[in-house]
Amino acid sequence: MSGTRYGRTLLGIWSVLMAILCLNEITMDRSLVSAVAYYSEKPAFLPSCRIYEPGFTKCSTNTIQKLLDQLNIGIPEVLERFGPFDPMRVMDIVFKQDNNEVATIRANLTELVVKGFANTKVKESRVSKKDFGWQTKIFLPKMRLDGKYEMAGRILLIPLSGSGKIFIEIDDLDILLLSKIRLYEKGGFTFDNVTSVRVQLNLTKVRTYLDNLFNGRSKEVERSTNQFFNENWRDFYEALKPLIVETVENILYDVMSTVFHLIPANFFIEDIPTPEQLYGSKEALGKKNS
Ligand SMILES: *[C@@H]1O[C@H](CO)[C@@H](O)[C@H](O)[C@H]1NC(C)=O
Ligand SMILES: *[C@@H]1O[C@H](CO)[C@@H](O)[C@H](O)[C@H]1NC(C)=O
Ligand SMILES: *[C@@H]1O[C@H](CO)[C@@H](O)[C@H](O)[C@H]1NC(C)=O
């Protein structure tokens, strides 16, 4: 098999694997916490800021860091929904692609655990005075996914079956998080309704290894296949970036929605306007009556 052909095959395998990882998010329960429960008293871990006073961005950066630190310690209502943050248990994934010329493959990923969120560093947290959307820069020195995989099938004409351990490790992950919100009123407090989350990602390196890739029949091919993944990680990463970005966006959307429906925006920004003040009384009145 020529080098290019081999490369393309491996790219195909990699794509399928990444698609498997991303499927997790697609099947994730997107329904938000509908319970009426919310914090009516400011939690002690959260320092408030005032947006119309100088030094807001510095204050807000510290507040969001404190929020993330607390997520790691455990906020009961969030724990209930997501489990611990670090290491984070991720749902099992079953992937099936049948009767396709390119690939016929079934794969399972189980016992998935993501490590690294405990070391999340908030570099900057800005809030727009116009629409109160958030622009947040966060940094993860290392993120690692560990799990077990089981795979059977073929890609192009290459039979591919194996089962064993898999890991994916990402270094120096910079995330720029842009979230749009819509203010709403609940129990006399102003809350953020997260309406959209967009992320931009930069990273310095991705490493991966699939153990026992050809059921141990050829350690040599297993080694060279994994080596190929790692030597060409940037090409693979670029090709799959949209999927990775979507995955990260979905996770962050779920986490932020949960947190912001739970904790009033007043506890983050003391002098945040009411929806009435921001959007005008007519619309707010209309919402109240509906
Ligand atoms: C994946 O798991 C299902 C049920 O858990 C099983 O029936 C199937 O054979 C597994 N597929 C592979 C490729 O291991
Ligand atoms: C990623 O790197 C580019 C180029 O250095 C930079 O312009 C962009 O702001 C960075 N994005 C993040 C999320 O760090
Ligand atoms: C939040 O916004 C969505 C639309 O993006 C809307 O369906 C939902 O009712 C809003 N929730 C609240 C509590 O305002």
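We're numbering straight along the sequence, starting at 1. Every number for a ligand or one of its atoms is a count from 1 in the order of the listing. What you see below is based on every heavy atom in this structure, not just the backbone, and it leaves out hydrogens, waters and symmetry mates.
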Worksheet item: Taking Phe260 as the fixed residue, which of Phe191, Tyr38, Trp134 is the one that meets the side chain to side chain contact (heavy atoms under 4.5 Å, CB included) rule?
Response: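 With Phe260 as partner, Phe191, Tyr38, Trp134 yield a single side chain to side chain contact (heavy atoms under 4.5 Å, CB included), made by Trp134.
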
Fill in: Option from Phe189, Phe267, Phe132 for which side chain to side chain contact (heavy atoms under 4.5 Å, CB included) with Ile272 holds
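Exactly one pass, corresponding to Phe132.
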
Worksheet item: Asn202 to ligand 2: N or O pair under 3.5 Å?
Response: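 It does: an N or O of Asn202 is found under 3.5 Å from an N or O of ligand 2.
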
Heavy-atom distance from [atom] to the protein below 4.0 Å?
atom                    : answer
atom 4 (C) of ligand 2  : no
atom 7 (O) of ligand 2  : no
atom 14 (O) of ligand 2 : yes

Discussion item. Please find the pair of heavy atoms, one from Ser161 and one from Ala152, that lie closest to each other, and give the distance.
Written reply: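 Taking every non-hydrogen atom into account, CB-CA, 4.0 Å.
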
Practice prompt. Please assess Glu169 against Tyr209 for the test side chain to side chain donor-acceptor pair (under 3.5 Å), listing each intermediate value before the final yes or no.
Written response: CA-CA 9 Å; Glu169 216 169 60; Tyr209 201 92; over 6 Å; no

Worksheet item: Given the rule in the side chain to side chain donor-acceptor pair (under 3.5 Å) test, do Asp254 and Ser257 qualify, once you have shown the distances and angles that lead to the verdict?
Response: CA-CA 5 Å; Asp254 278 2; Ser257 297; 5.6 Å; no

Fill in: Atoms in ligand 2 flagged as close to Leu176, the criterion being non-hydrogen separation under 4.0 Å
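What qualifies from ligand 2 is 13 (C).
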
Worksheet item: Are any of the N or O atoms of Asn193 closer than 3.5 Å to those of ligand 3?
Response: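 The answer is yes, given that Asn193 and ligand 3 share an N or O pair closer than 3.5 Å.
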
